[in-house]
Colleague: 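One structure is given below, represented as structure tokens, and several questions about it will come after.
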Amino acid sequence: MKTEKADVPTPTTFEPRITAFVCNWCTYAGADLAGTSRLQYAPNLRIIKLPCTGRIDPLFVLKAFENGADAVLVSGCHPGDCHYTSGNYHARRRWTLFRKLLALTGIGDDRLFFSWVSAAEGQKFADLVNDVTAKVRKAGPFQAAHPGRKA
Amino acid sequence: MNDDLYKPFLLRIETARDEAPDVRTFRLKFADEGERVEFFRRYRVGMFGLYGVPGEGESTFCVASPPTREGYIECTFRKVGRVTQALQDLEVGQALTFRGPYGSHFPIDSWKGRDLLFIAGGIALPPMRSVIWNILDRRAEFGKVTVVYGARTTADLVYKHELAEWAARPDMTLVTTVDPGGQTPDWKGKVGFVPVVLKELNPAAKNCVAVLCGPPIMIKLTLPVLSALGFSPKDIYTTLENRMKCGVGKCGRCNVGGVYVCKDGPVFTLDELSRLPAGDM
Amino acid sequence: MMKALRQEAAKLLQEKRAALIIGFAEREGHPALFISKPEDCERLFYDVSCRQNLAAYLSKPEVSARRPVAIVASLAALRSLVVLTAESQAAPGQVLALAVDKDAFLGTFDVAGAAELLRSKYPDLGPEKALLERVGELSKKSVVERAAFWAEEFAKCTRCYACRAACPGCYCARCIVEKNAPQWVSTAALGHGNYSWNIMRAFHQSGRCTLCGACEAACPQGLPLMVLNAALDREALEEFGARPGYDPEGKPVIGSWSAEDDHSYMR
Amino acid sequence: MKTIEIGRFSDLAQALSTAGYRVAAPVDDGGVVRFKEWTKGREIALGAVPVDSVKDFLFPRSEVVARFALEEAGAFTPVPVERFAPKTVALGVRPCDAAALAALDAVFNWDYRDGSYNARRAATTVVSLACAKADAHCFCISVGGAPDGTAGADAILRPADGGSKLVFEALSDKGRLLEAMVSDGQAVPDAPAALKKRFDPAAVGRWLAANFESPFWKEAALACLGCGACAYACPVCHCFDLQDESDRKECRRLRNWDSCGFGLFTLHASGHNPRPDQSARWRQRVMHKFSIYPQKFKTLACTGCGRCARLCQAGMAIAETCERIEALGR
């Protein structure tokens, strides 16, 4: 298990704020498992649970960045495992196009992450959070000058 | 003169009462005594205000209490959108923003000595309730007072406790009615549409002023009845509720033809209304 | 060309195959022209400077009340007509196209005919080279530079929604920006609201945009909206093989899916 | 006589800036000429009518009109809004845009005086620029203006010596304050642009007042797609919306531009819409400018700048509508 905890935080250390939109059935359960398994992972994630990744409107992502998120993570069931059969397939198409649009307008793949995490993958969830947090830490705070951020 | 047009007063909710499904009445106290005095210096019955919840916005509706009750104002409104939802979510003790009073008023001083007939439908009683209480608080100055009030169902009647009070008063006549099918087994009022009930009641038009408020269809069908009874368009009053944002004649959305409802109205006589383009209402 | 177009339009009215023709007028700016009398068809005009996509009128209630309607349609407008049909926004048999391409009149087509024409003669319509070069140049910049570029561009937006009005694909009776419970997109013409608005406008067109350019042409402030549209068009083509506007029974890219869709960026 | 070499025009902007004024002027912004805040070194584009007008500096697109600090459990405290009214010189304002200020002054001051508008108005010195040429969309002359009109201006610059110089003429005390920044010189003023009167607004107003239900509107508004380009570009249009925006700590109540052309502009909470189709909305636009406004404020709400027609994607041209209306009234 990778942890960033070894770093001694100094007052100047940047602590990323990462908003995670996760589905109720897989990733949220995975996160729960990570917790009940007492796996250590970075505390930088704010999880927002939704019924399905298919319910996650790209507007949610824009709103998160608007309000000061340094990065956004979207996570749901593996392909074929969607509780509603195809919500994650719909979501996948949406994200494929949306991430392109955000990249072109100044929000790159060091701030926008997607993953499949099942209810059984507590370890994967913890690793994912640590890895994403490390990447965002490296990327630094979301630029204040980005047009999508509230002034 | 205050030229900070969008700076609101603060009002605190003293009591909240459910009137009908999604309809609620607040009694509101002024947070600032100077603002209270200023409000009642300007307030005449029929004027409106903009009630707001910071973060959600402002919504326009009438002041439902009369200027004769100077300690507070009351408002009654239905939950229909973002702001009214937020207002109804407020609890007793919480504050809301208020701008007003704005607009024209019912010229009740010119009605002295005359009979008064109030006709209201559904949620349109609140703008008339302030007039009725204003008249009742100055009862001796006016002639006969008759109120005809209809709603779709008994549940939709607002101010039920006040209706009982009015019904019991010897110095006024109250006729309540619900649409056919809207009555409960213990309903003691009439069953039928407002225009029909009005026709049966057959009030005398001589020296009488009619005040009419309700949904467009009720207005449309009631006007011919009033006309047949002999009411002159100059003696029939109503109040318009157009969409507004500023309330002070600037934002450009409430006009009917050349008339700005927020400043030239909301109170109009039928005579005035008949000169406005019907296609803009 | 103009003669053939006018004659054909007059014939449609005479034969009552159309009750209303929407075309372009000759006077400066080539405004939309609405014709219901055959003799007025003499006033029809077309050349490449006619920038409006007349398919945008099909969702206007005052126009749909006067169907059957025939529109003068460039290739992009033909595609829009096909997209609208696929999305159940244009009743089959109620809309005809007087198809034009640069300086040629191609004839009258119903939606099926328009789709067939596009498939057989113009199978790979896409963004012009110069536009793709602009996308390419922007993509080469750093994220910070890209953000700065759009910050400057979006700051000009007054939120007049001319782009939305110009677009045949923007037919929602209540646009997302007009939904207020909750208010997802700020309506103030300021930074973040302008960003959200322009991003969502482009995104809602992804896999549906026919690259007619009417939005950019309509923008009073000259925002490079087509850069966003073209980038999304290429992405939808590369990832999902999407060619909107060729199949009146085709499924929208967003709203359908395949188990084979690439997800290499997913972790 | 006070004159400026056209090639040294930005020197005046620089002098004003040095004197502590915010300077607004037409600036070429990547091919689009905008009326915006001038910054050092920028070329001033005097040749074209900018897409925006001086209106934007007095009545901005979005402005905070009230502010509240949000506290726990729905409690809030009003926070005073600081008025933004810096000392400003608007340079090179078209006479039509300067004339529009009279119409704006009227609506922002009947009964209820709009303090923030008035503060900016008082802090702004309008230096207009007479037009030596006009395009096909210009029609100031038809609505009581002129290419060298002085209404609403504190000073006017007149092209002279074949366009190589500008003659500065102060028209008000505010304008005279700037005189010292312009040097003495000699020049022969050029003739103002020649324009033909296209319609009589009084005749248009008479027809409008009597023909609200005319079938003309249905047909005249067919091309209108219902965007706000015309209203936002118009130097007189002033319709607005009030919207709250908040985060956890603060709510800002904003006044944002709005347009009578939008479908939901007048929609009631009940679902009823008094202006259900575009013809009703286009009629409102024309009536507001040529009938309602003159009745209420004794001034037209159109100064003939032609921006609406220049920008309209569908070729809706209000001057052409007025010509047709005048013909209907004959």
Side-chain angles (χ1 to χ4, degrees), chain A residues 53-54 57-63 65-67 73-76 78-80 82 85-117 124 127-128 131-132 139-140 142-151, chain C residues 135 138-139 141-155 157 176 179 182 184-186 190-200 202-204 206-207 227-228 230-236 238-240 242 252-267:
Chain A
T53 43
D57 194 298
L59 277 167
F60 299 0
V61 175
L62 294 183
K63 208 74 179 170
F65 282 119
E66 209 169 81
N67 287 298
L73 167 67
V74 174
S75 184
H78 283 273
C82 178
T85 319
S86 60
N88 55 355
Y89 287 126
H90 282 284
R92 185 167 64 180
R93 280 217 159 172
R94 214 179 282 157
W95 300 126
T96 300
L97 296 172
F98 192 62
R99 63 194 284 274
K100 172 83 181 178
L101 190 55
L102 288 203
L104 191 67
T105 54
I107 301 179
D109 58 10
D110 53 356
R111 308 213 170 269
L112 189 53
F113 302 88
F114 303 92
S115 68
W116 310 129
V117 172
K124 179 176 177 184
D127 291 347
L128 173 77
D131 185 41
V132 163
F142 182 40
Q143 39 185 132
H146 191 279
R149 183 150 192 180
K150 247 185 215 167
Chain C
V135 177
L138 190 61
S139 307
K141 294 185 176 184
S142 72
V143 278
V144 175
E145 287 168 328
R146 276 176 255 159
F149 173 82
W150 290 107
E152 193 182 332
E153 289 300 332
F154 291 153
C157 176
I176 183 71
K179 296 197 174 161
W184 282 110
V185 182
S186 158
L190 300 170
H192 65 279
N194 284 2
Y195 181 76
S196 279
W197 159 249
N198 282 284
I199 292 298
M200 291 318 289
F203 182 68
H204 284 181
S206 57
V227 169
L228 301 176
L232 283 172
D233 178 81
R234 290 299 94 175
E235 188 73 2
E238 281 158 27
E239 292 289 335
F240 312 119
V253 171
I254 289 186
S256 61
W257 55 274
S258 157
E260 313 307 319
D261 289 344
D262 173 61
H263 63 185
S264 49
Y265 64 91
M266 295 271 187
R267 299 147 67 88

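The chains referred to below are lettered A, B, ... by the order of the sequence lines, with proteins before strands, and numbering in each begins at 1.
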Colleague: With heavy-atom distances below 4.5 Å as the criterion, would you say the side chains of A:Ile107 and C:Tyr195 are in contact?
Modeller: yes
Colleague: Considering only heavy atoms, which portion of A:Lys100 lies under 4.5 Å from any heavy atom of chain C: side chain, backbone, both, or neither?
Modeller: side chain
Colleague: Which answer fits C:Ser186, side chain, backbone, both or neither, if we ask what part of it has an atom under 4.5 Å from a heavy atom of chain A?
Modeller: neither
Colleague: Checking heavy atoms, do the side chain of C:Asn198, its backbone, both or neither come under 4.5 Å from chain A?
Modeller: neither
Colleague: Check whether any side-chain heavy atom of A:Phe98 lies under 4.5 Å from a side-chain heavy atom of C:Glu235, and answer yes or no.
Modeller: no
Colleague: For the pair A:Arg93 and C:Ser256, evaluate side-chain hydrogen bond (donor to acceptor under 3.5 Å, both in side chains) and give the outcome as yes or no after the intermediate values.
Modeller: CA-CA 8 Å; A:Arg93 280 217 159 172; C:Ser256 61; 3.2 Å; yes
Colleague: Is C:Ile254 close to chain A through its backbone or its side chain, or both, or neither, when contacts mean heavy atoms under 4.5 Å?
Modeller: side chain
Colleague: C:Ala259: what forms a side chain to side chain contact (heavy atoms under 4.5 Å, CB included) with it, not counting sequence neighbours?
Modeller: A:Tyr89, C:Trp257
Colleague: Are A:Arg94 and C:Phe203 close enough that some pair of their side-chain heavy atoms sits under 4.5 Å apart?
Modeller: yes
Colleague: Ring centroids only, cut at 6.0 angstrom: are A:Phe114 and C:His263 within range, meaning strictly under it?
Modeller: no
Colleague: Less than 4.5 Å to any heavy atom of chain A: does that hold for the side chain of C:Ile176, its backbone, both, or neither?
Modeller: side chain
Colleague: Is the shortest heavy-atom distance from the side chain of A:Thr96 to the side chain of C:Phe240 under 4.5 Å?
Modeller: yes
Colleague: Taking the side chain as everything from C-beta on, heavy atoms only, tell me whether C:Val227 gets closer than 4.5 Å to A:Leu104.
Modeller: yes
Colleague: Among all residues two or more places apart in sequence or in another chain, which pass the salt bridge (Lys or Arg N to Asp or Glu O under 4.0 Å) test with A:Lys124?
Modeller: none
Colleague: Are the side chains of C:Arg267 and A:Val132 in contact, using a 4.5 Å heavy-atom criterion?
Modeller: yes
Colleague: Given side chains that start at C-beta, do those of A:Thr105 and C:Glu153 come closer than 4.5 Å, heavy atoms only?
Modeller: no
Colleague: Compare all side-chain heavy atoms of C:Tyr265 with those of A:Trp95 and state whether any distance is below 4.5 angstrom.
Modeller: yes
Colleague: Between A:Arg99 and chain C, which part of the residue has a heavy atom less than 4.5 Å away: side chain, backbone, both or neither?
Modeller: side chain
